[in-house]
Number of protein chains: 2
Amino acid sequence: MSVSPPPITRFERLQRLAKRFPQLDSSGLETCITLLRLSNDLSDAYDASLARHGLSKGRFTVLVRLYSTSETEGGRGLIPAELAESSCVSRATMTGLLDTLEKDGLISREDHPEDRRMYTVHLTPKARQLLEGMLPEHYRRVAALMAPLSEQERDTLRELLAKVSTGLPAFREP
Amino acid sequence: MSVSPPPITRFERLQRLAKRFPQLDSSGLETCITLLRLSNDLSDAYDASLARHGLSKGRFTVLVRLYSTSETEGGRGLIPAELAESSCVSRATMTGLLDTLEKDGLISREDHPEDRRMYTVHLTPKARQLLEGMLPEHYRRVAALMAPLSEQERDTLRELLAKVSTGLPAFREP
DNA sequence: CCCGATTAGTAAGGCCCCTAACTAGTGCAC
DNA sequence: GTGCACTAGTTAGGGGCCTTACTAATCGGG
């Protein structure tokens, strides 16, 4: 068995690729990869945390949206299209989310008074209880996640993320 | 039909929720949501871009890893476990990725000379051609995505993302 | 030696979300 | 008023990745 050569890091492989592909912007790619990896890790951690309460990101987002709306606008009830938009999922996906939330007794669908194509979605007391039980812990987790950043750093981070967002259309181009 | 009340923004709902849940750190949550949303958008855009070449993030990551390794370390071939780790997917998922990549003629599996439990994975000429055809455009896209950020801002962004990463263990805690 | 612990890869089944195609209700132009 | 474009929601089917439970090969201590 021969002695192993020194391990080659991801960064070194990237540098060598950059020699072959002049279009490669190494600091940009490095930043992009960092962002995608953290996204993935954070997303997984988020899912795992919600899964303890039988929720997914989509299900949770819907419930919190309904909860915060009912708190601030007196249970006016939302329609699936509004929920889909504010949860960033397709309307078809929202149908599925609402189906399972209803089956689990967390939401109810009620006829829309004015337009028979739609209905309004409402939290059940069971859902309210679930949220009030879990949100304190959830918010504590998020606070712990962000604890390493000062207020100023958070502002900067949001700013920089917003700048990356402005690059998205160019990324998507033809 | 009554006049609609002024629309309530996500930020306002957040503020009111914060009154009810003292654990809620609004700048932290706001930052976290911003991050999760951008993650989602970027991830979708990335997937859409790769899909034009018949690839997913996982498939692409595997191919690029193999490509850059063969460039720098003379086609030594990688084992599935290494690929799973460097692609951040489970070994089971890697089996699936390799199955379809092999079916599409992009990789080959070859017996491992020393350990019959494993095999080594190699790019086919077809895969090499695919990558060399698509990478220039791909790298151009990534460069365009990151163009709005100066070198210094990229450094700062990576730093701040790294800080968020350090908060992940605390997020996951019991 | 050889038998248990470990490690590699795989199979089965599930969840989440997607797109595309469909159904039903609305409302406006004529 | 009727027809047609539009809108809301649903259905069907698919892709990606996961976890859990498995099989096969290797290694190492008695």
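Sequence lines set the chain letters: A, B, ... in the order given, protein chains first and strands last, and positions in each chain run from 1.
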Q: Given A:R59, which of A:D104, A:D99, A:D47 fulfils the salt bridge (Lys or Arg N to Asp or Glu O under 4.0 Å) condition?
A: A:D104

Q: What I'd like to find out is whether the side chain of B:H138 reaches to under 4.5 Å of the side chain of B:L50, using heavy atoms alone.
A: yes

Q: Side chains of A:R65 and A:T69: donor-acceptor distance under 3.5 Å anywhere?
A: yes

Q: Are B:L83 and B:L123 joined in one hydrophobic group, where the rule is that I, L, V, M, F, W and Y side chains link up if heavy atoms are under 4.5 Å apart?
A: yes

Q: Tell me the interatomic distance from B:H112, atom NE2, to D:dT26, atom P, rounded to whole angstroms.
A: 11 Å

Q: For DNA chain D, find the residues of residues 79-95 of chain A with a heavy-atom distance under 4.0 Å and give them by number; none if there aren't any.
A: A:I79, A:P80, A:A81, A:R91, A:A92, A:T95

Q: Send over the distance from A:M118 CE to D:dA8 P, rounded to a whole Å.
A: 6 Å

Q: By a strict heavy-atom criterion of less than 4.0 Å, which residues belonging to residues 54-65 of chain B are in contact with DNA chain D?
A: B:S56, B:G58

Q: Do the side chains of B:R154 and B:E151 get close enough for a salt bridge, i.e. N-O under 4.0 angstrom?
A: yes

Q: Could you tell me the separation between the OH atom of A:Y67 and the CG atom of A:L131, rounded to the nearest 0.5 Å?
A: 7.0 Å

Q: With rounding to the nearest 0.5 angstrom, report the CG to OG1 distance, B:L55 to B:T100.
A: 9.5 Å

Q: Report the residue (A:D115 or B:L97) whose heavy-atom-nearest nucleotide on DNA chain D is the more 5′ of the two.
A: A:D115

Q: Quick one, A:E12 and A:T9 - any side-chain contact, counting heavy atoms below 4.5 Å?
A: yes

Q: Under 4.0 Å from a heavy atom of chain A: give me the 5'-most and 3'-most nucleotides of DNA chain C that qualify.
A: C:dC16 to C:dT26

Q: Does a side-chain N-to-carboxylate-O contact under 4.0 Å join B:E30 and A:R158?
A: no

Q: Quick check for you: to the nearest 0.5 Å, what is the distance between A:L42 atom CG and B:R172 atom CZ?
A: 9.0 Å

Q: Counting any heavy atom closer than 4.0 Å, what does A:D47 reach on the DNA or RNA strands: base, sugar-phosphate only, or nothing?
A: nothing

Q: Tell me the interatomic distance from A:D99, atom CG, to D:dA12, atom C1', rounded to whole angstroms.
A: 14 Å

Q: Are A:R20 and B:E132 ion-paired here, with the side-chain N under 4.0 Å from a carboxylate O?
A: yes

Q: With a 3.5 Å cut-off and heavy atoms only, can you find an N or O donor on one side and an acceptor on the other between the side chain of B:R117 and the base of D:dT26?
A: no

Q: Provide, to the nearest angstrom, the distance between the CG atom belonging to A:L101 and the C1' atom belonging to D:dG9.
A: 16 Å

